[in-house]
Amino acid sequence: MTITLPAAAAAVPTVEVDAAVTTSGLEKRFRGGQLAVAGIDLAVPHGSVFGFLGPNGSGKTTTIRMLLGLIAPTSGSHTLLGRPMPGAAAEVLPLVGALVEGPAFHPYLSGRDNLARVDAADRRADPRTAAARIDGALDRVGLAAAARKRYRAYSLGMRQRLGIAAALLQPRELLVLDEPTNGLDPQGTREVRTLIQGLADEGVTVLLSSHLLSEVEQVCTHVGVMHAGRLVAQGTMDELRGTQSARVRIETTDPAAAVRALGLPDPHVDGRHVSAVLGDREPEKVLAALVHAGVPVRQFTVAAAGLEDVFVALTGEGFDVSG
Amino acid sequence: MSAVETLPARPAPVSTRFLRSELGMVFRRRRNQVLLLVLAAIPVIIAVAIKVTTPTGTEADGGPPFLFSITGNGIFVALTSLTVVLPLFLPLAIAVVAGESVAGEASLGTLRYLLVVPVSRTRLLAVKYAGALVYCLVAALLVAAVGTVLGALLFPVGPVTLLSGSTVPYSTGLVRLLLVALYVAAMMAGLAAIGLFVSTLTESPIAAMATTAVLAVTSQVLDSVPQLDWLGPFLFSHYWLNFGDLLRDPVATEGPIRGLLVTAAYVLVFGSLAWSRMTTKDVSS
């Protein structure tokens, strides 16, 4: 199923004067000539939880690496917390906690010693409060019990938690979390979501990259969608959902008759369920038409467009790996 | 903006925390400890071998310099050992530590997390190099110390006959030995700078270590080819054995000073190369 969407509807304008992250024509072309990020204009508002969505390989991590000054953009510029990067890195980065492309620590050190190592590298960190801050961060991600275990013995989920703990060693204004729930079990995913919500409630801006739509849908206030190196849409969740009309979903014992009577384009049949985009039709009239045609309707629901519908509409494809 | 208030307005002007952490990483690492152990084993092997077999003959018969002086004075265990570890064992250990420095963090991915802390790239490089320098110093002093102690235990000690033929008290001999060990450590600083640069080029620590070790051996091989005599003065290994001049009375300073100057040039050149590479490279590991 494909939905064509007028370009104007896809590009939700976001005017943020006081944004935590802004980029202007940010572009990265790797030495091989591959264009990883094609000049994006990102705007992450202060205090938002910004879902940075896109399939694997769509340029999310490359963008994040540029934001943090790890790699230099081919062209374009960006700011963090209102200051130009990479010039202001020394003043800005202490206020930014980051998890980039998975956690990375020394395998032979314990979780605690690894955090101590990160803290020791921070010239602004007060050594007198190091122990308390490290314990606090470990506690916050639920790793206190495993603090003295070697990192190499950690499960993927524990490693992920330690990565988040490292980002929380200092009070932050901005958290950049690249796929923070990778490798976490459902319980861990919920915990991280709660953690992010808690931080957001404290006023921390969170840039959360993910390829999991449901994850973003539940916690984010804003969304930016990357596809093949381009930022194809960004805005609030409602703005983005608004670009897609609601869907009608019917359960019936006679799907074929329902499809005929529905009168909506591109109906989708899945067993006893028939669904289609409502468009500008009124749901009451659709139901009346079905009943009038003698279609046995067991259930009739109208659902607002999910992020997945928006995504499919924007990229014209499922949520797979971009080439 | 609460986060701003809880952070110190300015970073500490000088903080040794990161350096101390780095030294902990270098010296707590099992592999680096084993390398030190191997180095410390050299004087033990030499001392025990000499004690058991008491060689006869003179230096003209072969074997490392000072070997035949050991039975007369235990201090020569330390000097013989330094001579023995200089061509291979010591450069190998330094190549491992220096090659590991940046590439090791890159391969683990910890490099990106250090950079976002943030640690400036220049500071990171300085701390990494300092860690390697301390390792050079510890390695050279360890060989000298183990040699001195074992020499004193197994052989007679007393006034030392220097290369120039004159004899100085044992204490003066120890001071000369310390100078020799410091000179050897300083010579390794050049190799460490090369290793640091190589380490910024790759994400594979093993490749960086191997390359650095191969360069150390290559330099010595080239130095031993008579047809390449003109090249010798430019090779960093050319001056390693100049420490013999520190064992003359009075000390012949010309050779060691030339060695230090050439090493300083290597440190400057490869330090700059490492810096220019480090400060411009994309950290994408």
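Note that this is a predicted model, so its numbers are computed, not measured. Residue numbering restarts at 1 for every chain, and letters A, B, ... go by the order of the sequence lines.
- Counting heavy-atom pairs under 4.5 Å between each of A:Leu81, A:Val204, A:Asp119 and chain B puts A:Asp119 at the top.
- Interface check for chain B: of the options A:Pro103, A:Gly203, A:Gly97, A:Ala89, the most heavy-atom pairs under 4.5 Å are formed by A:Pro103.
- Salt bridge present: A:Arg128 and A:Asp126 bring a charged side-chain N and a carboxylate O closer than 4.0 Å.
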Task: Derivation and outcome, salt bridge (charged side-chain N to carboxylate O under 4.0 Å, His left out), residues B:Lys128 and B:Glu105 - done: CA-CA 10 Å; B:Lys128 287 288 177 188; B:Glu105 301 274 4; 2.9 Å; yes
Open item on the list: Is there a salt bridge (charged side-chain N to carboxylate O under 4.0 Å, His left out) between A:Asp135 and A:Arg112? Walk through the geometry before answering.
Closed with: CA-CA 8 Å; A:Asp135 288 336; A:Arg112 200 171 195 295; 3.0 Å; yes
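- B:Leu108 touches chain A through backbone and side chain together, each having a heavy atom under 4.5 Å away.
- The pair A:Glu173-A:Arg83 fails the salt-bridge criterion, with no side-chain N (NZ, NE, NH1 or NH2) lying under 4.0 Å from an Asp/Glu carboxylate O.
- For residues 21-29 of chain B, the interface with chain A (any heavy-atom pair closer than 4.5 Å) comprises B:Ser21, B:Glu22, B:Met25, B:Arg28, sorted by residue number.
- Contact annotation for A:Asp113: only side-chain heavy atoms (C-beta onward) come within less than 4.5 Å of a heavy atom of chain B.
- For the pair B:Arg30 and A:Tyr108, the cation-pi test (distance below 6.0 Å, angle within 45°) is failed.
- Ring pair A:Phe50/A:Phe52 is tilted by interplanar angle, where 30° to 60° counts as tilted.
- When side chains are defined from C-beta on, A:Leu162 counts as touching A:Leu143, because their heavy atoms get closer than 4.5 Å.
- Residue B:Arg20: no heavy atom, backbone or side chain, is found under 4.5 Å from chain A.
- Ranked by heavy-atom pairs shorter than 4.5 Å toward chain A, the options B:Leu115, B:Val116, B:Val119, B:Thr280 are led by B:Val116.
- No side-chain N or O of B:Glu203 forms a donor-acceptor pair with one of B:Ser107 less than 3.5 Å apart.
- With a 4.5 angstrom heavy-atom cutoff, A:Leu99 touches chain B via backbone and side-chain atoms both.
- Looking at A:Ser48 and A:Thr221, their side chains never bring a donor and an acceptor atom within 3.5 Å of each other.
- Looking at A:Ala90, only its backbone comes within 4.5 Å of chain B, counting heavy atoms on both sides.
- With a 4.5 angstrom heavy-atom cutoff, A:Ala72 touches chain B via backbone and side-chain atoms both.
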Open item on the list: Could you walk me through whether A:Glu101 and A:Arg65 satisfy the salt bridge (charged side-chain N to carboxylate O under 4.0 Å, His left out) test, starting with their C-alpha distance in whole Å, then the side-chain angles of each, then the deciding distance to 0.1 Å, before giving a yes or no?
Closed with: CA-CA 9 Å; A:Glu101 209 176 7; A:Arg65 284 182 181 280; 2.6 Å; yes
